[in-house]
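Residue indices begin at 1 and follow the sequence shown. Keep in mind that what you see is a predicted model, and the values were worked out from it rather than measured.
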Amino acid sequence: MRGKRGTWRMRAVSLALAGMLAAGGAAALPVMPAQAETTYINDDQRAAADAEMVYYKERLIARENPEQYILDKLEDILYSGIYYIAYTETLTESDMWAYVAQIKGEMDAAVAESGEPTTTTEFLAFADNWTTPTVSYGQSVSIVLPLINLGEEELTDLLVEPVISNDVSEWPFKPDSTGYTQNFSEIPGCATKLYDEAYFNRRELTYTFTARDDVLTGYYPLTFEVWYSKDGIRCEEPVELTVYVYCQGKPGSGKIGSSEQTNVSQPRIIVTGFETDPEEIYAGDTFTLTIHVKNTSPDTAVNNVLFDLQAVEGGTESSNGTVTNSYAAFLPTSGSSSVYFNSIPAGGSTDLVMEMEAKADLSQKPYVVTVKMKYDTEQKADLTDEAKVSVPVRQVSKFDASTPEINPASILVGEQSNVMFQIYNTGKTTLYNVQVKFEADSVTGGDSFLGNLAPGATGNVDAMVTGVAPTMDDGTVTAVVIYEDEAGNQTRMEKQIELFVSEMPADDGIYEMPEDDGTQQGNTGLWITVGVIAGIVVVVLIVVIAALRIRKKKKAAKELREDLDALEADESK
């Protein structure tokens, strides 16, 4: 706790560094742990180290009850330790605990100063309203430094300048030919020794830097030297204050504190599913394809992500199985098959949505769409990956039928009639389990099974139906054609024919001989004449019926030839 100032302030690590300089000079600075071929610390181990340092500081305060400026220094030392452990990626567990011990030693040294006389009452620092700025490669950033004087005496003739370097791992900004030195006349002392007074008397300095194009990704420490005079005497050594800035480098530029030999896992983008609207796609349809993708990496975002959707090529298939007139099965309606995203966060998901058109002459089968991916990470550029989805395309089934031939077209109850016609598969998909049933109250039977009909094939129906009841309507009998698609879904088509069924004439089985009234013999010739005429009529009727049947067959054959000629003409187109 910070006494009158409440909870922790997120004061810059520079205050802790200043305290360490005052306590022990360069020897008090944090020692960077040497990299070892061991596992680096995780977040749980960092939390354990933080808890240990907080506990140690609280024990010191409870035991020593130091003055306020010592409390400030302890807090700054603690904060610098927490910050260092949090943002150093190459610490092993042994290095971390060695650094914790070093922080404890710095706290002990700070408490030892309590009550000791000192001739230096000034204490320069940056105010705790500081926030760490962020800048990307090639961009500019403005950094405002709120300088405060926690000492009792006024300081004059102040000069502030950053410690720069040509090494990109130490200084992330481009050099400025005009220099970065800033000066101001004075900064009042803090008579009350209270932070609020020092904050009120602060001096704010603004620096504008431009990040280098080859800057590394991570937190850069920026050290500033402050020269001053007190009571007209110039200081022998400047005060060094440090703040941090976060820089985002180009993909593949590397990270601050990481070894170039460190193996970095490559994030993977996978396809988690897809859907189409409408759900069933027929050849010639326009549809919307939505593909769900996910960045599977739990800790690495991907940037500059480009997806390219490429449908498998199709074409016209010849009789020998070769494909001619090759083209993509699906074409985007917008003309572009690419989708771009600025970034996908670690563990994040997104959707690729594209409107496409299926070519009208595609066969009924699934078609593969390849999703090609290209993306960058902070460590690598131009990473690639690939995934595939299979989009089924359906063809509308089509068939036609010839004019049915019914022989005879009128029967008595109990008699049979022969029904014949042809079924033509005029579509581009196979008709499975084709069968024909006859539905009417006057007939029964005639069920026929034709099996599978390939595109362009013909099935012949030759059925015998039996009259079971007299026709009570216009003589319509429904021939029902039923077939299935590849998925087993049934389709029912109906065709109407005419067949009349008459009731069998009544016959009581009794024949009465005419009484002989003396004219019987005279009528014998008459009966013979009537019989002859009746026989002639029957013969004529048979001839006429035969002629009509022959004519009807010729007409049906002619229509069949015309239908086949038309079908061949359509297929040749």
Side-chain angles (χ1 to χ4, degrees), residues 136-139 213-214 217 248-254 264-316 323-395:
S136 296
Y137 63 93
Q139 296 182 352
D213 292 332
D214 57 347
T217 298
Q248 177 65 56
K250 288 182 178 180
S253 62
V264 180
S265 63
Q266 175 179 332
R268 297 290 182 185
I269 301 178
I270 64 171
V271 172
T272 58
F274 78 98
E275 57 197 37
T276 61
D277 184 19
E279 184 175 352
E280 289 189 350
I281 303 170
Y282 287 85
D285 282 356
T286 297
F287 64 97
T288 300
L289 175 63
T290 302
I291 299 177
H292 310 296
V293 297
K294 179 179 181 179
N295 176 11
T296 59
S297 175
D299 52 14
T300 303
V302 293
N303 308 305
N304 195 28
V305 189
L306 179 65
F307 295 95
D308 187 24
L309 276 60
Q310 298 180 0
V312 67
E313 291 188 349
T316 304
V323 177
T324 59
N325 302 326
S326 179
Y327 50 79
F330 306 136
L331 296 176
T333 57
S334 64
S336 174
S337 61
S338 299
V339 181
Y340 176 81
F341 293 94
N342 288 328
S343 64
I344 302 176
S349 300
T350 189
D351 291 340
L352 315 179
V353 182
M354 183 172 292
E355 186 179 66
M356 310 188 83
E357 179 183 359
K359 299 296 291 182
D361 58 350
L362 296 179
S363 301
Q364 179 166 301
K365 64 179 182 179
Y367 289 84
V368 174
V369 176
T370 301
V371 184
K372 293 183 176 294
M373 314 169 197
K374 188 175 182 180
Y375 53 94
D376 303 329
T377 66
E378 293 181 354
Q379 293 80 25
K380 298 180 180 179
D382 294 336
L383 298 174
T384 59
D385 218 329
E386 185 176 300
K388 298 179 185 294
V389 296
S390 184
V391 180
V393 174
R394 301 170 61 86
Q395 270 281 356

- [ ] Please identify each residue that fulfils ring pair (Phe, Tyr, Trp, His ring centres under 6.0 Å) with Phe287, with sequence neighbours left out.
- [x] Phe330

Task: salt_bridge(Asp385, Arg268) N-O dist < 4.0 Å - done: yes

Open item on the list: Testing the basics here: between Leu362 and Gln395, what is the closest heavy-atom pair and its distance to 0.1 Å?
Closed with: O-NE2, 2.7 Å

Task: Carboxylate-amine/guanidinium contact Lys359 Glu357, below 4.0 Å - done: no

Open item on the list: Determine whether Ile270 and His292 satisfy the following criterion, side chain to side chain contact (heavy atoms under 4.5 Å, CB included), listing intermediate values before the conclusion.
Closed with: CA-CA 9 Å; Ile270 64 171; His292 310 296; over 6 Å; no

Task: Contacts of Glu275 that satisfy salt bridge (Lys or Arg N to Asp or Glu O under 4.0 Å) - sequence neighbours left out - done: none

Task: Non-neighbouring partners of Asp376 that pass salt bridge (Lys or Arg N to Asp or Glu O under 4.0 Å), sequence neighbours left out - done: none

Task: Whether Asn295 side chain and Ser297 backbone form a donor-acceptor pair below 3.5 Å - done: yes

Open item on the list: Could you go through Thr296 and Ile269, starting from their C-alpha distance and side-chain angles, then the distance that decides it, and tell me whether this counts as side chain to side chain contact (heavy atoms under 4.5 Å, CB included)?
Closed with: CA-CA 6 Å; Thr296 59; Ile269 301 178; over 6 Å; no

TODO: Report yes if some heavy atom in the side chain of Asp285 is under 4.5 Å from a heavy atom in the side chain of Arg394; otherwise report no.
DONE: no

Open item on the list: Quick check: closest heavy atoms across Ser390 and Pro366, and the distance to 0.1 Å?
Closed with: OG-CB, 3.2 Å

TODO: Supply the atom-to-atom distance Lys374 NZ to Ser338 OG, rounded to the nearest 0.5 angstrom.
DONE: 11.0 Å

Task: Phe307 to Val371 - nearest heavy-atom pair and separation - done: CD2-CG1, 3.9 Å

Open item on the list: Counting C-beta onward and ignoring hydrogens, is there a side-chain heavy-atom pair between Thr276 and Thr290 closer than 4.5 Å?
Closed with: no

Task: Minimal non-hydrogen separation, Leu383 against Pro267, with atom names - done: CD1-CD, 4.5 Å

- [ ] Before giving the answer on side chain to side chain contact (heavy atoms under 4.5 Å, CB included), spell out for Thr217 and Tyr137 the whole-Å C-alpha distance, their side-chain angles and the decisive distance to 0.1 Å.
- [x] CA-CA 9 Å; Thr217 298; Tyr137 63 93; over 6 Å; no

Open item on the list: Are the side chains of Glu386 and Thr370 in contact, using a 4.5 Å heavy-atom criterion?
Closed with: yes

Open item on the list: Before you tell me yes or no, could you show the steps for Val391 and Val368 under side chain to side chain contact (heavy atoms under 4.5 Å, CB included), namely the whole-Å CA-CA distance, both residues' side-chain angles and the distance that decides it to 0.1 Å?
Closed with: CA-CA 6 Å; Val391 180; Val368 174; over 6 Å; no

- [ ] Start with the C-alpha distance between Thr333 and Glu355, add both sets of side-chain angles, then the distance that settles side chain to side chain donor-acceptor pair (under 3.5 Å), and finish with yes or no.
- [x] CA-CA 6 Å; Thr333 57; Glu355 186 179 66; 2.8 Å; yes

Task: Polar side chain donor-acceptor pair, Thr272 to Lys294, under 3.5 angstrom - done: no

Task: Pairwise side-chain contact, Leu352 with Phe341, heavy-atom cut-off 4.5 Å (strictly under) - done: yes

Open item on the list: Could you measure the distance from the CD1 atom of Ile291 to the CG atom of Asp351? Nearest 0.5 Å is fine.
Closed with: 10.0 Å

Task: Val339 and Val353, any side-chain heavy atoms less than 4.5 Å apart - done: no

TODO: Determine the minimum heavy-atom distance between Ser336 and Pro332, stating which atoms define it.
DONE: O-CB, 3.4 Å

Open item on the list: Test your reading of the model: is there a side-chain donor-acceptor pair from Ser343 to the backbone of Pro345, 3.5 Å cut-off?
Closed with: no

- [ ] Go through the steps to decide whether Asn304 and Tyr340 satisfy the test side chain to side chain donor-acceptor pair (under 3.5 Å), and finish with yes or no.
- [x] CA-CA 7 Å; Asn304 195 28; Tyr340 176 81; 2.9 Å; yes

Task: Atom of Ala283, atom of Ala360 and distance for their closest heavy-atom approach - done: CB-O, 3.3 Å

Open item on the list: Between Tyr375 and Leu306, is there a side-chain heavy-atom distance shorter than 4.5 Å?
Closed with: no

Open item on the list: When you compare the side chains of Ser337 and Asp308, does any donor N or O come within less than 3.5 Å of an acceptor on the partner?
Closed with: yes

